[in-house]
Structures are given as C-alpha cells and as structure tokens.
Q: 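Quick one: the structure is below, and I'll ask about it shortly.
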Protein chains: 2
Amino acid sequence: MGIVERKIRQKEEIRSSILKAAWQLVIEEGWQALSIRKIAEAIEYSVPVIYDHFANKEAILLELTKQGFRILNDELVKAKKRSSIPEKQIEAMAYSYWEFAFENKAYYQVMYGLGMPSCEIVNQIPELSTFSALILQPIKDLIAASKNTAADPFLKLHTFWSMLHGLISINMMNNNQGKEELNQMVIHDFITGFISGIKG
Amino acid sequence: MGIVERKIRQKEEIRSSILKAAWQLVIEEGWQALSIRKIAEAIEYSVPVIYDHFANKEAILLELTKQGFRILNDELVKAKKRSSIPEKQIEAMAYSYWEFAFENKAYYQVMYGLGMPSCEIVNQIPELSTFSALILQPIKDLIAASKNTAADPFLKLHTFWSMLHGLISINMMNNNQGKEELNQMVIHDFITGFISGIKG
DNA sequence: TACTTTTGCTAACGCTGTTAGGTAATATAG
DNA sequence: CTATATTACCTAACAGCGTTAGCAAAAGTA
C-alpha cells in the first residue's frame, strides 16, 4: 500500500511549493515584503497549511538561507578545483564568492540580512561625506609617501571602510562573547595589512 | 510677542522627545521592535502626533542613523588628532571605528541595518562549516609555505570572509551602478593584499 | 458501515504603519 | 469682549502582518 508514500510525497510537494513561492516573492519584492499570507495565496492554500510545514516565517527564511549557502558552496568548490596552487585557489574562491553575491543578490541579502529600511538611506546622510574626507586625508598622505604614488585614494578609502565594516558585522552576527583577544588580533591584522598594502 | 517662538520651542521639544523615546526603545528591544505606538505611549501623546514631526517611521530611523554618524565622526576626529603621522592616524581611526561599533552596538546596527530575523540564525546553518573548511585548506597551505608558519589559519579565514563580506555589503548598499571597473579593482586590491599578508 | 485520522478551512487575537475626520483649545481680528 | 480662524490633539478606522484555536469535510482503517 503506497498510500503513506503518496501522502509523504504530497506533503513534500506542498513544502517545496511553499519554498518556491517564497523565493519567487523574495526575488520580486525583496525579503522585507515576504509574508505568510502572500505565500498562501501563491500556493493556493489557506494560511495555516504553511504552519504544518514550517514552525514560523523565520524557518522559511532559514531554509532559503541554507539553499543560498549550498549554492555558494558549490560555486566555491568549482572555483577551487580550477587550480591546485593555494593562492590561486584563494583568489578564485574570492572572485567566485564576489560573483555569487552580485549574481544572486536576493540570496546574499537573505543570507546576511542585508537591505534594511531602504538601502538608499545611505545617500540621505550628508554626515557620511564628512567622515569620508576625514579618513581620506591620511590615506592620501600615505600614498604620497609610498612607492606607488599613483594609487587611487578613493579606492583605498572604499576598501578600508568596507573591510572594517565586514569585520565588525561578521563579529556582531556571531555575537562574539569573550573573544576579546581574537578581536584584537583581527583588527590588528587588518590595519597592518591595509597600511602595508598602501606602502607597497 | 514670543508666542510663536514658544510654539516652535514646544514643537521642537516634542520632536526631540520622540527621538529620545525611540532611541530608548531601540536600546531596550532593538530597532526591529521599534513601533510608532510604543513611541506614542512613551511620550504620552497619541499616535498621529508623531506624524506631525516625521513623515514616517523610516524618517525616525534615518534621524537616529544621522545621530550615529555624527557621534562616530566626533570619535574619529578625536582619534585622528592624537597623531600627525598618516599611518598612526589611520590606525587610530580604525581602532576608534571598531570601538564605536561595539560600544554603541545599537547605533551601529541602525546605521547599517544589521541584525535581521535573528543574528543567531547563522549558528543554525551546518552548511557554513562546510565551506569554512573549503577556504581553510588553501589558507593553511599558504601559511605552511610562508615566512610566518605560526600564523593562525582560523584567524586568517575569519579575516578573509569578513573583509569580503564587508566589500560586498557596502557595495550592495550603494547600489553600485555601472561601476564594474571599480569593483574589479576593489576585489583585486583585496585579494592581493590578503595573500601577500599571509606570505609575509 | 462505523470509527479514526488527516487535511484544510474560517475566523479570530493582537500586533503593525498610516490616515481620515472631528473636537476642543488657542490665537487673531473686529 | 466676542467672533472667526487656526492649531493641537484625539478617536477610530483601514489594511496589512504573524500566529493559532476550533471546526468541518475528506480520506483511510476496522
């Protein structure tokens, strides 16, 4: 009697249709706009059915996040295979990671919870340019005194700020508890690397 | 007749009390839990009053974001003043930025929209450790072949991932349009810096 | 055929951002 | 000092959200 098998199969089908619909909505309107009711309408079931398959909305997002990491992982594996030289592998994986992020923006944003109130909020903050200038000057000075005086200070500023932000946000995600000495090393590693990168 | 002045002053007072209450709530419960109704209750006014001072909820968050950047800016200015040597300035500002982020977590999270569904979501993703191992191996290889064989591969992995994430998220925030060549330079800059940082 | 389990629904609870419309207090003009 | 205009403020609602209780119908089992 394949009845239970069929039932399991049907349940599985609903589950995957929920994920599919959710993903469609995320792509179309961003994960901010994702709602249980919209998913229910898309799969042509009533709302409570969704709760037979997922504990809550977060569980759905979590599943999409996992999907994203699996895809990313596959990409990285592919990239790594292209060479057996460690530095080439690292390089290829970095590019691959980068490409994944921009070719699968929706995934990356779900994975890291990016894109809050509105991403363009940044452009409404004049204070931002103020402190850009603040960091820009010493970078220019450093470039002027370096071996490569043709280096682009704006690029360096952008890199500086971005990397620092990355270090902080990953640390905040992991809710770093009692890892003070690790943090000290991380940021020290970053600063010395950045400065020596300019000096050439 | 200082009547209009008094009225302006009173309006200003309500406005700042809104921001104050909002900030209090953000600190206590995180910006996810911030709601117009809670603010209204806190300032002991009805809900629509808030809309006399701010166009919408986002405008309130934006104001808090601006506050955050102003405070951060002041910190950076202070840090910069401690030296006149460019690299010392950059170093001091990096540390200052880092400290600001962790001493003012709430601000930093509002500023960059951090902390989505739940920050601990990351710990529920086994896929994460899979691809950690993926990147870890070539890093270990590279360290083994470098001048500093005592370097911590986990630290390097952490740094690698964090920086890359920072570059990507800042780029996504700025909604990078037609800046392909800039992106190419940014990531190239990062990779070469990272690898040469390990090689020593 | 009678009973049990599964399946799916309606309707509600308590939130959310936002706004329409009305009332009461205040300020201005005659 | 009264009448008018303005401002300040509130109640109540709309439309949406995540989540769940409780019930009806269908499907499977005996």
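Order of the sequence lines sets the chain letters (A, B, ...), proteins ahead of strands, with each chain counted from 1. Values reported hereafter were calculated over all heavy atoms of this structure, with side chains retained and with hydrogens, waters and symmetry mates removed.
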Q: Can you tell me how far P of D:dT19 sits from CD1 of A:I39, to the nearest Å?
A: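 About 11 Å, once rounded to whole Å.
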Q: Do the charged groups of A:R15 and A:E63 touch, with an N to O distance under 4.0 Å?
A: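 A:E63 and A:R15: salt-bridged.
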Q: Report the distance from atom CG of B:N56 to atom C1' of C:dT16, rounded to the nearest whole Å.
A: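 Value for this atom pair: 14 Å.
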Q: Could you give the CD1-to-C1' distance, from A:I43 to C:dT7, as a whole number of Å?
A: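 Between C1' of C:dT7 and CD1 of A:I43: 13 Å.
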Q: Using a strict cut-off of less than 4.0 Å between a Lys/Arg side-chain nitrogen and an Asp/Glu carboxylate oxygen, indicate whether B:R9 and B:E12 qualify as a salt bridge.
A: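 No, this pair does not count.
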Q: Would you call A:K78 and A:E75 a salt bridge, taking side-chain N to carboxylate O under 4.0 Å as the test?
A: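 Salt bridge between A:K78 and A:E75, a charged N being under 4.0 Å from a carboxylate O: yes.
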Q: Find the distance A:D52:CG to C:dT7:P and express it as a whole number of Å.
A: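 Rounded to whole Å, this separation is 8 Å.
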Q: Can you measure A:I36 atom CD1 to C:dG8 atom P for me and round it to whole angstrom units?
A: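 One finds 17 Å between P of C:dG8 and CD1 of A:I36, rounded.
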Q: Each nucleotide N or O in nucleotides 10-15 of chain C that has a protein N or O under 3.5 Å away: list the pair and distance.
A:
from   : atom 1 : to    : atom 2 : distance (Å)
C:dA12 : N6     : A:R37 : NH2    : 3.3

Q: Taking atom C1' of C:dT7 as reference, at what distance in whole Å does atom CZ of A:R15 sit?
A: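 Value for this atom pair: 18 Å.
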Q: Expressed as a whole number of angstroms, how long is the span from A:I14:CD1 to C:dC9:C1'?
A: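 After rounding, the gap between these two atoms is 13 Å.
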Q: Go nucleotide by nucleotide along DNA chain D from the 5' end; which of A:A55 and B:V49 gets its closest nucleotide reached first?
A: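 The residue whose closest nucleotide sits nearer the 5' end is B:V49.
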Q: Look at B:Y51 and C:dG17 and indicate whether a side-chain polar atom (N or O) is within less than 4.0 Å of OP1 or OP2.
A: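 Negative; the distance criterion is not met.
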Q: Could you check how far CD of B:Q10 sits from P of D:dT6, rounded to whole Å?
A: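 One finds 20 Å between P of D:dT6 and CD of B:Q10, rounded.
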Q: Tell me what B:L34 touches on the nucleic acid: a base, only sugar-phosphate, or nothing, going by heavy atoms under 4.0 Å.
A: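 The residue B:L34 makes sugar-phosphate contact but no base contact.
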Q: Regarding B:Q184 and B:E180, do their side chains bring together a donor and an acceptor under 3.5 Å, going by distance alone?
A: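 Looking only at side-chain atoms, B:E180 and B:Q184 do not form any donor-acceptor pair under 3.5 Å.
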Q: Among side-chain atoms of B:Y108 and A:H165, is any donor-acceptor pair under 3.5 angstrom?
A: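 Per modelled atom types, B:Y108 and A:H165 side chains form a pair under 3.5 Å.
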Q: Please determine if A:K11 and A:D52 form a salt bridge, counting it only when a charged side-chain N lies under 4.0 Å from a carboxylate O.
A: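 Answer for the salt bridge query: no.
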Q: Ignoring hydrogens and angles, tell me if any N or O in the side chain of A:N171 forms a donor-acceptor pair with the backbone of A:L167 under 3.5 Å.
A: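 Yes, the answer is positive, given that a donor and an acceptor are paired below the 3.5 Å cut-off.
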